[in-house]
Amino acid sequence: MAIRVQAEDFDVGAELAALTAGNTAIGGVASFVGLVRDIAPGSQTGGDAVGAMTLEHYPGMTERQLAAIEAEARARWPLDAVLIIHRHGRLLPGDRIVLAACASAHRAAAFEACWFLMDWLKTKAPFWKQEETAEGSRWVAAKDEDDAAAARWSTRTP
Amino acid sequence: MAIRVQAEDFDVGAELAALTAGNTAIGGVASFVGLVRDIAPGSQTGGDAVGAMTLEHYPGMTERQLAAIEAEARARWPLDAVLIIHRHGRLLPGDRIVLAACASAHRAAAFEACWFLMDWLKTKAPFWKQEETAEGSRWVAAKDEDDAAAARWSTRTP
Amino acid sequence: MRILYFAWLRAKIGMSEEEVALPAGVATTGDLITWLASRGPNYADALANRAVVKVAVNQDYVGLDHPLAAGDEVALFPPVTGG
Amino acid sequence: MRILYFAWLRAKIGMSEEEVALPAGVATTGDLITWLASRGPNYADALANRAVVKVAVNQDYVGLDHPLAAGDEVALFPPVTGG
């Protein structure tokens, strides 16, 4: 199990290399890196410039939920290694927010599992984004499309 | 366009960082790193240990086909940046073979496009693997599952 | 019972956590929210739209019919927006 | 016309490329393969199973009915196995 919730940035290359080190049965690693965007896509006014973002989280429950999501991925797909790193605190546009990675002998399993991790994480891990714009701070609203993305894994049999 | 065919290894973290540098409209980067496995999964005898692998390619056509695959991905999904690096020459188990990465404002587009790149690359880019085992060298056989994986993108409308 | 508030629920209520004795008649998470909403305009405002209030008990998501015990850690927060 | 061979086709034929003058009667890629297969046992062996011979002309995949011109670069190779 590899779940980390931290304020610090992470080194994607080093993390992915460490994930597969010593296991030459791994055929590939699918990963996703989420970045802070400078435009608030879900804002009601639309397109406001975002100067910074603060990620609040629920210490303890966050790690617990991420571990549950990882366990679900491991139950659904044949994975050799899984990694989720999620940052909290104040971040600037272009900063890395999250890294999800799945290593498997099979590329389809790696891709599906990694996508699943991101979709579930988006709707289940207790993080909340507050954006700073010229008009002040505001909480990012949850997106219906994220609920839909998570829901499609409920009925899917990989 | 970012297509590279090279003998040298690549630094995944540096490549992904360079891919998104200066573009804060990017919400995320989906990527896949393919590695040399120490077992030949598609071998007829099955499960022979692989000591090394040599990747032959068709210089010129390889770059041309990879560029065509990238162009197809950009036509199908809203992508901010695309990168394909594929190595040739002799590689050892655990070595990186290929990196495919897609950056987009939208995570679904990044995941789908990256998966598409890998599936098409596997069946269209002129590379051939020759494995070294205790019984000698042999050419890796193409897999029906790779044809099936590539074919599903023919009818899919993202 | 420890109650935690996050994001705009925390901001509207004006605190990140509080310790409360489980009041008589409060048996479930739904009862707790109804009771909290009666405690003042800040609570009433924060809890006005129950559809956007998520509840966790002892760090697991639960529904509004979840039974409560004295030592529980209850958290109230809006839909999550990480990743 | 330049003809390139890759992977086990190269190994069986015993060379990676050759220059040939387009023979009379060879109008298409299919004609070319039939003609090549008649040139000796190494060619016949390499080209025995046409279903696993891929053809590219000027670095694009083509079928067996593709017309040939004198200056073409033709490549014959097995199904690809990169990635």
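Being a predicted model, the structure only gives us computed values, none of them experimental.
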K.L.:
Using non-hydrogen atoms and a 4.5 Å limit, figure out which bit of D:Asp60 sits close to chain B: side chain, backbone, both or neither.
P.N.:
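Contact with chain B involves both backbone and side-chain atoms of D:Asp60.
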
K.L.:
Report yes or no: does D:Lys54 contribute a side-chain atom to a donor-acceptor pair with the main-chain N or O of B:Pro126 at less than 3.5 Å?
P.N.:
no

K.L.:
How far does CZ of D:Arg10 sit from CH2 of B:Trp139, to the nearest 0.5 angstrom?
P.N.:
4.5 Å

K.L.:
Given side chains that start at C-beta, do those of D:Phe77 and B:Glu56 come closer than 4.5 Å, heavy atoms only?
P.N.:
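No, side chains not in contact.
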
K.L.:
Are there over 12 heavy-atom neighbours, none belonging to D:Asn49, within less than 6.0 Å of that residue's CG?
P.N.:
yes

K.L.:
Give the minimum heavy-atom separation between B:Val98 and D:Gly83, together with the two atoms involved.
P.N.:
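Where B:Val98 meets D:Gly83 most closely, the heavy atoms are CG1-C, 3.8 Å.
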
K.L.:
Looking at chain B, which one of D:Pro79, D:Ala75, D:Gly82, D:Ala56 has the largest number of heavy-atom pairs inside 4.5 Å, strictly under?
P.N.:
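With the most close heavy-atom pairs to chain B, the winner is D:Gly82.
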
K.L.:
Parallel, tilted or perpendicular: which describes the rings of B:Trp128 and D:Phe6, with under 30° parallel and over 60° perpendicular?
P.N.:
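Because their plane-to-plane angle is under 30°, the rings of B:Trp128 and D:Phe6 count as parallel.
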
K.L.:
Heavy-atom pairs under 4.5 Å with chain D - which of B:Gln130, B:Gln65, B:His57, B:Met118 has more of them than the others?
P.N.:
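Among B:Gln130, B:Gln65, B:His57, B:Met118, the one with the most close pairs to chain D is B:Gln65.
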
K.L.:
Looking only at heavy atoms, which two atoms of B:Val140 and D:Thr81 are closest? And how far apart?
P.N.:
O-CG2, 3.4 Å

